[in-house]
Amino acid sequence: MSIDKSWFDQMEQRIPHGEVRTRFAPSPTGYMHVGNLRTALYTWLIARHAGGKFLLRIEDTDQGRLVEDAVEVIYATMRRCGLTWDEGPDVGGPVGPYIQTERRDLYGKYAQLLIEKGHAYRCFCTGERLEQLRSSDPNAKYDRHCLSLTPEEVQSKLDAGEPYVIRQRIPEGSTTFQDAVYGEITVDNADLDDQILIKSDGLPTYNFANVIDDHLMGITHVVRGAEYLSSAPKYNLLYQAFGWDIPTYVHCSSVMFNDPATGAVRKMSKRYGDPSYQDLVSQGYLSQAVVNYVALLGWAPHGDISEQEFFTMEELVKAFEISGISKSPSAFDMDKLNYFNATYLRALPPEEFAREAETWIRRAVKNPAYDAAAIAGLLQARCERLSDIPEKVDFFDALPQYDVELFTNKKSKTNAEVSLNMLKAALPALEALPDWTQDAIHAALAGLAEQLGVKNATLMWPVRIAAAGKAVTPGGAVEICRILGRDETLRRLRQGMDKLS
RNA sequence: GGCCCGGUGGUCAAGCGGCUAAGACACCGCCCUUUCACGGCGGUAACACGGGUUCGAUUCCCGUCCGGGUCACCA
């Protein structure tokens, strides 16, 4: 039942050589997590930095965990983050298909080849037997029960239609491999399990499919999370068993999450409600801010740009070196992400910020008389996340119930009595203004303060409080009055006076 | 628990045998100011511990401690 050698030769001939090729290989089991995003980014950067190719491969061999639309989410995330791919399920390429279930026949052939070479064997053990094995010793590896089956016994079980898996036969000795981040690592083969390569449903495990596909797709740099570091020796042994070139391994340390509630530190994960990329975007974070922040989480530039923190994608591509990837896990810091996001928000051209902010503003400000673009202008330097917006501007639509105490402010030298006088003076001045513009209102109020012999703040404070009903507002008295319009401003000032008298 | 990998301020981090040990976030103070922000200026704060190697260790080696990962017919 040997397979025609020419088929293998054909597969080998398709493999591109002479360029850096990396791949991001997510499984469509859920949404994109921050750690995943970072791995995808680094993988992409390694390819782009070297002028090589970046491919997307979907690893959907786990039938039980498939999630509807997950592939679409992956595509959308990659696109929004600017992670373009040269080959993949949707765009094709020379070494396709790029979805593992569409490659299912090929894994069996390679497994068969491995059996013939003596590096793998069929195992008919039942799940119950394996469980029993483990219950007596939780650390127990597979006891190689089926390794001793004679060819005749195997054949008769096959003829009887008994289900089986194919296991890797780990040789004696030790295995050493190189990792571009962690350096040389050696493990005793006795610590390695005869892992399953082909499951009883005929599909390959991740561990096997990964090696086959990476080789067949000409992947030169295998970039993945450090959680795979422990299984790397088994991959290495597989490459060796086939006689294939071993790719450069690039294991990236985990992204940890410092839970502010419990103080615990752990790997970021959905099950604890840690934010995914989608969550961040829906909370009002900009893609580029997230990408920029994440790039620096576990990587730092070398040389004269070691202090640079803000990078365009082009700059990242230019600066990214594998040697800058750090070994130790790093904690995702919301405060710092906020800072990046705030900086990106402020750097936006005002029109663009207004466009991004408008839907958020309109969640709180329904009255079309209030100019969203003008409000956006007040907000741009004052929010870290777009989602901060609604609560900041809710006072436009409805003056909040507020306490007269708000009129008292030490720094502005105001109290209830002073405030009442200020409002009394401001009212006619504003009423008489020919133009209701920023400059006109400011000039009128500033002039009035001078005339009254008080500092600007003494007049501005009560006006702002009466207009907004809040101690803290985006923008000062002038800006708020201008947006409210004359009628509403005067109405609110009178209301304030009533409160004070 | 076995195996693997880490350990510079609260966090991200530069450093790669000789430095007063960068920078950023956060925090604190001051200035600016029409509140709050933005912006500007300044400040508090670190080489986990113990042995070596060396003229000299944050940097190299060993141990301890601490942290993380992994031990599936999941990826």
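Just so it is clear: chains get the letters A, B, ... in the order the sequence lines come, proteins before strands, and each one is counted from 1.
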**Study point:** A:Arg382 vs A:Ser328, nearer the 5' end of RNA chain B by closest nucleotide
**Key:** A:Ser328
Study note, to complete from the structure: Comparing A:Glu384 with A:Trp461, nearest RNA chain B nucleotide closer to 5' gives the residue A:Glu384
Study note, to complete from the structure: Within residues 331-342 of chain A, those residues having any heavy atom closer than 4.0 Å to RNA chain B are A:Ala331, A:Asp333, A:Asp335, A:Lys336, A:Tyr339
Exercise for review: Using a cut-off of strictly less than 4.0 Å between a heavy atom of the residue and any atom of RNA chain B, enumerate the qualifying residues of residues 170-185 of chain A by number.
Suggested key: A:Tyr182, A:Ile185
Would you say [X]'s side chain and [Y]'s backbone share a donor-acceptor pair under 3.5 angstrom?
| X | Y | answer |
| --- | --- | --- |
| A:Glu184 | A:Thr176 | no |
| A:Tyr121 | A:Ile166 | no |
| A:Ser231 | A:Tyr228 | yes |
| A:Glu488 | A:Phe396 | no |
| A:Asp201 | A:Leu203 | yes |

Check your understanding: Side chains of A:Arg23 and A:Met217: closer than 4.5 Å at any heavy-atom pair?
Key -> no
Counting the atoms with a prime plus P, OP1 and OP2 as sugar-phosphate, which does [X] contact under 4.0 Å by heavy atoms, base, sugar-phosphate, or nothing?
| X | value |
| --- | --- |
| A:Ala471 | base |
| A:Gly475 | base |
| A:Ser27 | sugar-phosphate |
| A:Val478 | base |
| A:Gln195 | nothing |
| A:His442 | base |

Assess [X] against [Y]: is NZ or CZ under 6.0 Å from the centre of the six-membered ring, and within 45 degrees of the ring's axis?
| X | Y | value |
| --- | --- | --- |
| A:Lys499 | A:Tyr402 | yes |
| A:Arg57 | A:Phe24 | no |
| A:Arg224 | A:Tyr235 | yes |

Ring-ring centroid check [X] [Y], cutoff 6.0 Å:
| X | Y | result |
| --- | --- | --- |
| A:Trp299 | A:Tyr42 | no |
| A:Phe177 | A:Tyr249 | yes |
| A:Tyr285 | A:Tyr293 | no |

Compare the minimum distances between each of [options] and the side chain of [X], then state the nucleotide with the smallest one.
| X | options | result |
| --- | --- | --- |
| A:Ala381 | B:G6, B:A13, B:A37 | B:A37 |
| A:Ser326 | B:U34, B:U35, B:A13 | B:A13 |
| A:Lys411 | B:U34, B:G6, B:U35 | B:U35 |

Considering only the [atom1] atoms, how many Å lie between [N] and [M], rounded to the nearest integer?
| N | M | atom1 | answer |
| --- | --- | --- | --- |
| B:G7 | B:C49 | P | 14 Å |
| B:U64 | B:G2 | P | 12 Å |
| B:C66 | B:A48 | C1' | 8 Å |
| B:C41 | B:A24 | P | 10 Å |
| B:A57 | B:G18 | C1' | 9 Å |
| B:C62 | B:U53 | P | 15 Å |
| B:C25 | B:G68 | C1' | 23 Å |
| B:C16 | B:U58 | C1' | 10 Å |

Check your understanding: Can you list the steps and then say if A:Lys470 with A:Asp394 is a salt bridge (charged side-chain N to carboxylate O under 4.0 Å, His left out)?
Key -> CA-CA 10 Å; A:Lys470 284 181 124 176; A:Asp394 55 5; 3.0 Å; yes
Check your understanding: Under a 4.0 Å N-O cut-off, is there an ion pair linking A:Asp213 with A:Arg103?
Key -> yes
Mind calculating the distance between [atom1] ([X]) and [atom2] ([N]) to the nearest angstrom?
| X | N | atom1 | atom2 | result |
| --- | --- | --- | --- | --- |
| A:Tyr293 | B:U11 | OH | P | 12 Å |
| A:Tyr344 | B:C38 | OH | P | 19 Å |
| A:Glu309 | B:A24 | CD | C1' | 4 Å |
| A:Ile74 | B:A75 | CD1 | C1' | 12 Å |
| A:Asp304 | B:A22 | CG | C1' | 14 Å |
| A:Asp388 | B:C38 | CG | P | 12 Å |
| A:Asp214 | B:A75 | CG | C1' | 13 Å |
| A:Ile480 | B:A37 | CD1 | P | 15 Å |

Report the base-pairing partner of [N] (Watson-Crick or G-U wobble, both distances below 3.5 angstrom), or none.
| N | value |
| --- | --- |
| B:C32 | none |
| B:A57 | none |
| B:A72 | none |
| B:G67 | B:C5 |
| B:A21 | none |

**Study point:** Footprint string (nucleotides 66-74 of chain B, 5' to 3'): B base within contact, S backbone only, - free, heavy atoms under 4.0 Å
**Key:** --SBS-SBB
Exercise for review: State whether A:Arg346 places a side-chain N or O below 4.0 Å from either non-bridging phosphate oxygen (OP1 or OP2) of B:G39.
Suggested key: yes
Practice item. Output yes when at least one side-chain N/O atom of A:Ser412 is less than 4.0 Å from OP1 or OP2 of B:U34, else no. Key: no
Check your understanding: Is any N or O donor-acceptor pair between the side chain of A:Arg464 and the base of B:U34 shorter than 3.5 Å?
Key -> no
Review point. Could you walk me through whether A:Lys455 and A:Glu450 pass the salt bridge (charged side-chain N to carboxylate O under 4.0 Å, His left out) check?
Key: CA-CA 7 Å; A:Lys455 54 191 281 191; A:Glu450 193 181 354; over 6 Å; no
